**Student:** 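The structure that follows is given in the form of structure tokens.
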Number of protein chains: 2
Amino acid sequence: MDASLEPLKARRIYLLLRERIASGEISPGTRLASEPALALQHGVSRVTIRRALDSLATDGLIDRRVGAGTFVREPEAPRPIVADFSNMLTHLVEMGRRTGVRLLAFSYVQPPEAVAQALALGSGERTQRSVRVRLIDGKPFSYLTTHVPERIGLTYSEADLATVPLLTLLERSGALVERASQAISATLAGPDVAEALGLEIGSPLLSLTRVVLGPDGSGVEHLHALYRPDRYSFQMELHRAGEAGERRWSPVPAKAG
Amino acid sequence: MDASLEPLKARRIYLLLRERIASGEISPGTRLASEPALALQHGVSRVTIRRALDSLATDGLIDRRVGAGTFVREPEAPRPIVADFSNMLTHLVEMGRRTGVRLLAFSYVQPPEAVAQALALGSGERTQRSVRVRLIDGKPFSYLTTHVPERIGLTYSEADLATVPLLTLLERSGALVERASQAISATLAGPDVAEALGLEIGSPLLSLTRVVLGPDGSGVEHLHALYRPDRYSFQMELHRAGEAGERRWSPVPAKAG
DNA sequence: GCAAGTTGTCCTATACGCTATACAGCTAGA
DNA sequence: TCTAGCTGTATAGCGTATAGGACAACTTGC
């Protein structure tokens, strides 16, 4: 995922080839067109092609052999982490792997307007804001920003947050959790997120926004999560239920990736 | 979503500011720091700052007033289209809006290795490959690439594909649909997809890959979908079911966006 | 062994992104 | 009204990406 330093034209071609490789349009093991041929095809100079191939090489997507050509490499570990989505709330399928959390920020703040509105807070009401990076096997894969109303946030400590899942903390504190609404989208990595996740600026990210509400409609948690798509994806298995006319699908608890 | 032409430095700053605006760190209506001030803060020239602001302006995120300053604009229409995710298979919540399909490609091909494997095809077995762009109110929002085994694909016509949902065509043809598996991720727009969706190269995209299988494990459909995140997102409402110890969530059919 | 074709490296000239600076026109507040 | 500060615009100079070419080293197939 090296959305690299090389600007403009080289980057275009990098993205183009990367897509073709990822989509399987060029199968692993195949020889790519030669550098002069690619330069001709794309109407750029060979130097530019070489820059694009450099990026693909450092991504580990291709092998370059002097005198022989450039070859698409067999992918090694395809999708390390998978989020179980069967209950519509993501949680990790860990399979014995070591996960960790780094707490980047923890404070009580005046929340952004959008958050205050989603949580149905009174004007001036503050929230506990925390920024966490989750790791698996020592490598970061998600960047989580959460807002919790101050009165609820005070029921647990900074140390709790670094070890216990937030939803558990909330329930333990007596906050009633009634319903949730979440949206999944995509965005680009800004400088700070890129830094925290070990990515280049402008890399693609999976984005999840979740608002958890109590029975009276009061906000309990606002979560904004960003995931590295190469290390994390949402995955779900579905079984078909019901008869032909009625097309329905029901989730199957995922157990592996 | 104008991940623009301006390269490198301007793009960085564009992304940085865009993130701060989107996250609410800079509230709507607020005046941004002046261009010279921003230039100083970020260690770049004012021209570069101006390029970043140009992009934000064409995105409709800011208003620039000569002599007065640059202001964060109130967001207008937040999320036009929403996919109902309650049955775990996306389908549009249309709300009376006009949707359309453009068929970009239709042919029988030797499928990529990854697709052949996912569909459990014999070696050499061909597939019907189609590329479609879906529109809402005349504006493109998704780019769909599907592979269907040749024997099934032959049961409907190119014209059918432009009007009837594919899953319906498959069921009508007698193909038994037993289970499906799908994954959601994110990626960047390559040149062709960017062109088809009216985006700049390198824009972020939501990505969905779905494999539909019959009762005997044979493949029925392989779908690779790319969505413009500014026009489309997956959204779901959840109700809490079960008792405290058992944390379970059940989906609620979404009906609006 | 030989020839054709490949990647790796170096060169020069050009195009372009970026800096730095200056100034005009506009706005808001004193 | 006047002034300080803002955006809009233009200019010149510098560094770097790109184009285009040449050559060496290597691999493969004949």
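Naming convention: chains lettered A, B, ... in sequence-line order (proteins, then strands); numbering from 1 in each chain. None of the values given here were measured: they were computed from a predicted structure. Computation of the quantities below employed the complete heavy-atom set of this structure, encompassing side-chain atoms and omitting hydrogens, waters and symmetry-equivalent molecules.
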**Student:** Fit a plane to each ring of H222(A) and H147(A), take the angle between them on a 0 to 90° scale, and name the class: parallel (under 30°), tilted (30 to 60°) or perpendicular (over 60°).
**Tutor:** perpendicular

**Student:** Would you kindly give the CG-to-P distance between L40(A) and dG21(D), to the nearest whole Å?
**Tutor:** 12 Å

**Student:** T48(A) side chain N/O closer than 4.0 Å to the phosphate oxygens (OP1, OP2) of dA19(D)?
**Tutor:** yes

**Student:** Any idea which of dT19(C), dG8(D), dT9(C) is nearest the R50(A) side chain?
**Tutor:** dT9(C)

**Student:** CD1 of I62(B) versus C1' of dG8(D): gap in Å, rounded?
**Tutor:** 14 Å

**Student:** Nearest to the side chain of R31(B), which nucleotide is it out of dA19(D), dG8(D), dC6(D)?
**Tutor:** dC6(D)

**Student:** Can you check the R11(B) CZ to dC18(C) P distance for me, whole Å?
**Tutor:** 12 Å

**Student:** Is there a donor and acceptor pair closer than 3.5 Å between the side chain of R46(B) and the base of dT9(D)?
**Tutor:** yes

**Student:** Within a 6.0 Å radius of atom CD on E195(A), are there more than 12 heavy atoms belonging to other residues, nucleotides or ligands?
**Tutor:** no

**Student:** Please confirm whether the shortest side-chain N or O distance from R51(A) to OP1 or OP2 of dT18(D) is below 4.0 Å.
**Tutor:** yes

**Student:** Mapping A68(A) and G43(A) onto DNA chain D by nearest heavy atom, which one lands closer to the 5' end?
**Tutor:** G43(A)

**Student:** What is the distance, to the nearest angstrom, from the OH atom on Y14(A) to the C1' atom on dA17(D)?
**Tutor:** 19 Å

**Student:** Within less than 4.0 Å of OP1 or OP2 of dA19(D), is there a side-chain N or O belonging to K9(A)?
**Tutor:** yes

**Student:** Indicate the ring-plane relationship of F234(A) and Y227(A), choosing parallel, tilted or perpendicular according to the 30° and 60° boundaries.
**Tutor:** perpendicular

**Student:** Find which nucleotide of DNA chain D each of R64(B) and I49(A) is nearest to by heavy atoms, and output the residue with the more 5' nucleotide.
**Tutor:** R64(B)

**Student:** Counting only side-chain N and O atoms of T70(B), is one of them less than 4.0 Å from OP1 or OP2 of dC6(D)?
**Tutor:** no

**Student:** Between T146(A) and S130(A), do the side chains contain a donor N or O and an acceptor N or O under 3.5 Å apart?
**Tutor:** yes

